[in-house]
There are 2 protein chains.
Amino acid sequence: MSGNAREDILAAAKLVAQAHGYAGLNFRDLAAQVGIKAASIYYYFPSKAELAKAVARRYWEDDAACLESLLQNSAKPIDALRRYPETFRWALENDNRICLCSFMSAQFDDIPDEVKTEVQAFADVNVAWLKKTLIAAKIVTPKEAEKRARAIYSGIVGAQLVARSRADISLYDSLIESYRAAGLFPG
Amino acid sequence: MSGNAREDILAAAKLVAQAHGYAGLNFRDLAAQVGIKAASIYYYFPSKAELAKAVARRYWEDDAACLESLLQNSAKPIDALRRYPETFRWALENDNRICLCSFMSAQFDDIPDEVKTEVQAFADVNVAWLKKTLIAAKIVTPKEAEKRARAIYSGIVGAQLVARSRADISLYDSLIESYRAAGLFPG
DNA sequence: ACCTGAACACCGTTCAAGT
DNA sequence: ACCTGAACACCGTTCAAGT
């Protein structure tokens, strides 16, 4: 599509991984989407493991940039925190997909070690951003920030997965609202 | 193992599904575990979809019985609620597995409709139990109970998935504790 | 540099045949 | 009743070979 086969492969693989996970990443279908043959993908990526690693790395890099942008474009840190759930909502809006890293977390026993590292990096990026933003917003003390950040992250992950199991994005919104009402989420 | 091949198949399939999901359920390996050949499984289950359906149904049935037992054996409803996270902890203790229904929720696009129904039933069982127990413990008003029950369920699901991604059961415990501190979980 | 044919190993499923 | 070998059509993965 873009005229850059490598980028096209990465983009297509991201969408497939969000819908079918690591096991669902197949070179025949992927190649067909890009307009080449399955074997040609090996010119760009030496193995499925390397492709998945590249996809997962690009995924958290893009997410990190997106979160920084969200923070910069918010008047106050608390505003960025309020909008944080939107970053996980987009996948559901996009044909009921979920976070690539949530899917691969489920498939933990079946993904190569080099992919695990990138999957964990995504969680690290989110927790680090939440932590610093919670502190900046003075929602919690610096001492409590790490734990609260992890709790918010895992709450979001669960809400997204549960919403997918019903193909119901309003359930996601409702769960986020309940997290707020219960005091887990700020806002 | 039990001398009952059908039960042995169900038991083995449950463990495989908790570690590798629906896609990971393959008749050759499954049969080898039970000591029969792949083709023999078809004597008990007419298709992979029917096997997965039976496994998922048995899973929520067992869970329902377990939750009722937990409630009956608790002095007060609040005690049952405090111990609720244990029911999801067992899977992690068992070689870092997760809830079969969480895994299949991720694989939503790839499971047959009859399996989806059973996967959703598991969530329904949990939410219904949490709702009635929250009300009995007077943690929330009957009006708020449903939403809080769903939030607790999705919080647990997320915590289990995040802990799996690190193969770290202490992270699960820490997340549950954070949920309590934030006010999401009672106790 | 970029691509592919063809082979390989594997999987779900079927069925005729075995005890 | 319970089980199996063998086969089928298919799929993901790989690599030697093409241009």
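Note on naming: letters A, B, ... go to the chains in the order of the sequence lines (proteins, then strands), and numbering restarts at 1 for each one. Given the structure is predicted, the values throughout are model-derived calculations rather than measurements.
Aromatic rings of A:Phe27 and A:Tyr42 (six-membered ring for Trp) have centroids within the 6.0 Å cut-off, being under it.
In the set D:dC15, C:dT13, C:dC3, C:dC3 carries the atom at the smallest distance from any side-chain atom of A:Ser40. Side chain of B:Ala39, nearest nucleotide from C:dC11, D:dT13, D:dT4: D:dT4.
B:Leu25 comes within 4.0 angstrom of the backbone, heavy atoms only, and of no base. Within the nucleic acid shown, B:Phe27 comes within 4.0 Å of sugar-phosphate atoms alone, with no base atom in reach, counting heavy atoms only.
With no hydrogens or angles considered, no side-chain donor-acceptor pair links B:Glu50 and B:Ser47 at under 3.5 Å. Residues A:Gln18 and A:Tyr59 have side chains that bring a donor and an acceptor to within less than 3.5 angstrom of each other.
A:Lys14 NZ: 12 or fewer foreign heavy atoms inside a 6.0 Å radius.
In this entry D:dA9 has no Watson-Crick or G-U wobble partner, no candidate having both defining distances under 3.5 Å. D:dA1 and C:dT19 make up a base pair, with Watson-Crick or G-U wobble contacts both under 3.5 Å.
The separation between B:Arg28 atom CZ and D:dT4 atom P is 14 Å, rounded to whole Å. Computed from coordinates, the A:Leu30 CG to D:dT13 C1' distance equals 13 Å when rounded to whole Å. Between the C1' atom of C:dA9 and the NZ atom of A:Lys48 lies a distance of 15 Å, rounded to the nearest Å. Summarising the geometry, the separation between CG on A:Leu51 and P on D:dT14 is reported as 11 Å, rounded to the nearest angstrom. Here D:dA7 presents its P atom at 18 Å from OH of B:Tyr42, a figure rounded to the nearest Å. Atom OH in B:Tyr43 sits roughly 17 Å away from atom P in C:dT14 (whole-Å rounding). Counting to the nearest Å, the C1' atom of D:dT14 and the CD1 atom of A:Ile36 are 15 Å from each other. B:Lys37 has its NZ atom 20 Å from the P atom of C:dT14, to the nearest Å.
Separating the C1' atom of C:dC3 from that of D:dA16 is a span of 13 Å, rounded to the nearest Å.
Phosphate proximity of D:dC3 to B:Tyr44: present, with a side-chain N or O under 4.0 Å from OP1 or OP2.
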- request: Dump the intermediate steps for side chain to side chain donor-acceptor pair (under 3.5 Å) on B:Asn126 and B:Asp63, then the final yes or no.
  value: CA-CA 8 Å; B:Asn126 276 264; B:Asp63 183 60; 2.8 Å; yes

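Comparing A:Ile41 and B:Tyr22, the nucleotide of DNA chain C nearest to each residue sits closer to the 5' end for A:Ile41.
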